[in-house]
Amino acid sequence: MSRYWSQVVRGLTPYVPGEQPKLANLVKLNTNENPYPPSPRVLAALQGELGADGARLRLYPDPNADLLKAAVAREFGVAPGEVFVGNGSDEVLAHAFLALLKHAAPILFPDITYSFYPVYCGLYGIAYRTVPLTADFAIDPADYAGPNGGIIFPNPNAPTGRLLPLEAIERILAANPESVVVVDEAYVDFGGDTAIPLVARFPNLLVVHTLSKSRSLAGLRVGYAVGQAPLIEALERVKNSFNSYPLDRLAIVGAVAALEDKAHFDACRRAVMATRERLVADLAGQGFEVVPSAANFVFARHPGRDAAAIAQALRQRSIIVRHFKLPRIDQHLRISIGTDGECAALVEALKEILG
Ligand SMILES: *Cc1c(COP(=O)(O)O)cnc(C)c1O
């Protein structure tokens with residue numbers, strides 16, 4: 001605290017990202033990054049943009065990132081005016097909170113979900129009410145009825161990995177015509193169906209994607225949203241009141257190249273899903289209860305061992321997983337899907353730890 005701090009800053013409780021330790025040789029299974037490199041086309045695009053002397057970096061990037069919007073629009077069969085792009089989906093989400101979710105009535109999101117949501121509410125002064133997941137960590141659409149200022153949830157949910165079927169999302173959209181429903185599909189490419197085809201029928205739907213997970217580009221910082229034009233215009237109004245150039249030149253061309261390499265995308269996500277199924281079986285074999293996952297992580301608890309103690313013992317073996325000291329989930333571990341080798345190392349370490 002400093003006397004120079006504004007009232008706003010005094011009241012903030014910032015999000016705490018998973019650690020990015022500076023140590024080499026870690027098995028890093030704590031922040032849901034993709035274990036595989038991005039498409040080689042991304043590298044070529046970055047090099048092409050840099051050129052021999054980097055002279056293009058003198059010039060501002062396209063403030064509207066039209067090439068990227070066009071690539072997203074092609075990918076999903078929507079109009080470029082139905083696409084918003086931002087510096088990671090966290091930025092897209094932040095703009096959605098201010099542009100579309102800040103109303104008199106509280107917004108709704110699950111009690112167990114992406115912990116950035118309450119942080120944005122704090123930043124923007126948005127009232128919210130958390131809706132408990134069912135005992136088996138499912139979202140019940142019936143719980144999302146009645147007056148509210150908006151609704152947001154990830155699908156698959158984080159950190160549970162559990163998928164909500166599209167019919168259920170449709171029910172939530174239909175029950176809330178007066179509210180914007182934001183579906184944060186950061187992990188949808190690992191086993192879910194995107195809600196983007198519902199955009200044409202639901203003017204209240206905003207679907208948010210990221211290139212950080214399924215496209216192996218967490219370091220490039222690119223996210224986007226798809227929704228009907230009036231929702232996109234609201235996001236543009238916030239963006240153009242905040243930062244005209246959220247995506248730099250490299251991010252724009254790299255993201256376009258990543259979206260265009262469907263073969264690489266499919267190969268990577270299939271590999272992650274196959275490793276996930278093996279890891280789920282191995283964990284179950286060691287007595288873990290694993291929530292069914294459609295994401296690039298699993299959420300598991302061991303009935304006989306304290307989760308924090310397991311995480312600590314793994315850390316001593318240079319394996320990092322995520323443990324949340326939060327109600328209802330403090331006995332769970334969230335484990336990102338690494339390569340087969342990394343997951344095998346995890347399983348071996350758990351064998352030692354569990355004895
Ligand atoms: C990782 C993640 C994001 C943020 O992704 P970035 O595009 O890297 O900012 C958003 N939502 C959820 C649920 C995530 O897990």
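Each ligand, and each atom within it, is numbered from 1 in the order the structure gives.
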message: Assess, by modelled atom type and distance only, whether the side chains of Ser214 and Asp189 contain a donor and an acceptor separated by less than 3.5 Å.
response: yes
- prompt: Is it true that the NZ or CZ of Arg269 lies under 6.0 Å from the centre of Phe190's six-membered ring and within 45 degrees of the ring axis?
  reply: no
For ligand 1, find each of its N or O atoms that sits under 3.5 Å from a protein N or O atom, and tabulate the pairs with distances to one decimal place.
from	atom 1	to	atom 2	distance (Å)
ligand 1	5 (O)	Ser89	OG	3.0
ligand 1	7 (O)	Ser89	N	2.6
ligand 1	7 (O)	Ser89	OG	2.9
ligand 1	7 (O)	Thr210	OG1	2.5
ligand 1	7 (O)	Ser212	OG	3.3
ligand 1	8 (O)	Ser212	OG	2.6
ligand 1	8 (O)	Arg221	NH1	2.7
ligand 1	8 (O)	Arg221	NH2	3.4
ligand 1	9 (O)	Ser89	N	3.3
ligand 1	9 (O)	Asp90	N	3.0
ligand 1	9 (O)	Asp90	OD2	3.2
ligand 1	9 (O)	Arg221	NH2	2.8
ligand 1	11 (N)	Asp184	OD1	3.3
ligand 1	11 (N)	Asp184	OD2	2.7
ligand 1	15 (O)	Tyr187	OH	2.5
ligand 1	15 (O)	Lys213	NZ	3.1

message: Give me each pair satisfying salt bridge (Lys or Arg N to Asp or Glu O under 4.0 Å) with a member in residues 298-312, each pair once, sequence neighbours excluded.
response: Glu289-Arg301
- request: Examine Tyr114 together with Tyr120 and report whether their ring centres are nearer than 6.0 Å.
  value: no
field: Polar side-chain atom of Ser244 near backbone of Asn240 as donor-acceptor pair, under 3.5 Å
entry: no
Ring center gap for Phe84 and Tyr224 short of 6.0 angstrom: no
